[in-house]
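Taking it in order: structure first as structure tokens, then the write-up.
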Amino acid sequence: MSWKDQTRDSGKGFYTLRTEDTGDVPVRLFLTPALLDAVEESIYPQIVNATRFPGVKLVAITPDVHHGYGVPIGTVLLTDADTGAVAMGPVGFDIGCGMVSASSDVPANAATPESRLRFNREVTRRIALGPGRVSRTKLKDLSRVDFEDIIRGGAAFYAERYDSPVDRGNTERDVIPVSDDWQPPWGGPGRPERGVPQLGTLGGGNHFIELQENVGNGNLYVQMHSGSRGFGHGLATNYFQLARAQNPAIKALDLGYFTPDSPHYAGYLNAVAAGANFAIVNRLAMFEQLALAFEEVFHKPLRLVYEISHNLVQREQHPEFGWVHVHRKGATRAFPAGHGALAGTQWAEHGHPILIPGSNRDASFILRALPGASASGYSVNHGAGRRMSRGAARKAFTQADVNAAYRDAGIVVNTDGVVPIDESKDVYKSSREVVEAVTRAGLATVEHELRPLASIKGSG
DNA sequence: ATGTGC
């Protein structure tokens, strides 16, 4: 018997799950019947893990869910903000990982095969890709002092001090405060200092840059996915070690957590803030380079639509659960019109944009939240979700077939047309089906659909 | 995700 047999249809577009293992913690799965049927059995013990952190109020599972470390990728975890835990697996190693979307007035027919390739060349000339690479932007060769100012001051500080054309109002968080008495654990486990020269670089894995056509208005858009590089990874590694040292019951590092009485509780929250500020500034610095590359090829400006994370814990007020730590691991914040946290911002009236990438041969979407998003802790998915492991993908498909499929679709990949197999379309779920699960549950509506024209991947 | 690994 599968745990799936113990799910119940709430009648509101999501399933609930209550078993001996999950106890009294509400667990909501935002899946269609087909997605529930297809989801890996192995996410069940990871959902149970999520229910076991101290002070849990809600576990919500997004429709792109797949097996992660400790908890599934696609977990929203709400814990009591005053007495509950702050958990590390439900933030992840790549603290602050997230998206940028940018728009233009250039009709998509300007993106000829030649200009798509030129765009990819201009981008890769300006932005370093792949693991271990160092910055080529104005943030290269930063002193440690300047770096610390940036990770404390976030987007607001960066926009002002570095004379950036970006509007910090187009970011999810223009600064996440870091205490003056907290220092990054330089030289400690994880060695976060290796991230200092990486500010302004894309990274590898599923990080990408994509030239797109907005299906609705026919204009060119650009989307980017990147995170906190070696800095965030180093911070996460450091605090995982501290959590384990303190609590021997934490066997796996990815199940680490801190309660308010822990000596490292505030330290970890500061580390998350610093890592997220890095990731946000990283995306803004790269956006500026994207805009330069875009203007070089298409002779018109590229405007920042929005910047938003999908690996983060933030303190928020929820109508059902009060003040909570909302952990989003592979999940995107979804505040609708009128949400208190948007008061006084340009997003107060309609909610902020929600950036949902598909694979690089499938549609991406920009959504807006609906009041019903409270059911999922004001969160939706962060992408299409992986359908098979990287290893399985390399066994299932040949390089020549994958390259040909992209060539036939007219999608220019990197500067050599070689598609990383483990990042290719059939490795991911259908983004349309996943987004349908979101709209069916009344969490959000689709505002824009975007289709890929050119794709840049850090590695495969 | 990551100095792609103990």
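Letters A, B, ... mirror the listed sequences (proteins, then strands); counts begin at 1.
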Nearest-Å distance for atom pair CZ/C1', residues A/Arg244 and B/dC6: 12 Å
Salt bridge A/Glu122-A/Arg126, side-chain N to carboxylate O under 4.0 Å: yes
A/Asp94 CG - B/dT4 C1' separation (whole Å): 14 Å
Any A/Arg390 side-chain N or O less than 4.0 Å from OP1/OP2 of B/dA1: yes
Nearest-0.5 Å distance, CZ of residue A/Phe231 to CD1 of residue A/Ile95: 8.5 Å
Touch class at under 4.0 angstrom, heavy-atom based, for A/Gly230 against every strand present: sugar-phosphate
Touch class at under 4.0 angstrom, heavy-atom based, for A/Glu193 against every strand present: nothing
Phosphate OP1/OP2 of B/dG3: any A/Gln198 side-chain N/O under 4.0 Å: yes
Test: A/Arg386 cationic atom under 6.0 Å from A/Tyr428 six-membered ring centre, within 45° of axis: yes
Cation-pi geometry met for A/Arg229 and A/Phe278 (6.0 Å, 45°): no
Sugar-phosphate only, base, or nothing, as touched by A/Gly227 at under 4.0 Å among non-hydrogen atoms: nothing
Phosphate-side-chain proximity, A/Asn206 and B/dA1, N/O vs OP1/OP2 below 4.0 Å: yes
is_close_aromatic(A/Phe30, A/Tyr15), centroid dist under 6.0 Å: no
Nucleotide B/dT4, atom C1' - distance to CZ of A/Arg194 in whole Å: 11 Å
Whole-Å distance separating the NZ atom of A/Lys457 from the P atom of B/dT4: 20 Å
Nearest-Å distance for atom pair CZ/P, residues A/Arg133 and B/dA1: 18 Å
N or O in side chain of A/Arg191 less than 4.0 angstrom from B/dG3 OP1/OP2: no
Distance in angstrom units between A/Met88 CE and B/dA1 C1', rounded: 16 Å
Nucleotide B/dT4, atom C1' - distance to CZ of A/Phe93 in whole Å: 13 Å
Rounded distance (Å) that lies between atom P of B/dA1 and atom NE2 of A/His207: 5 Å
Sugar-phosphate, base or nothing in reach of A/Gly232, heavy atoms under 4.0 Å: nothing
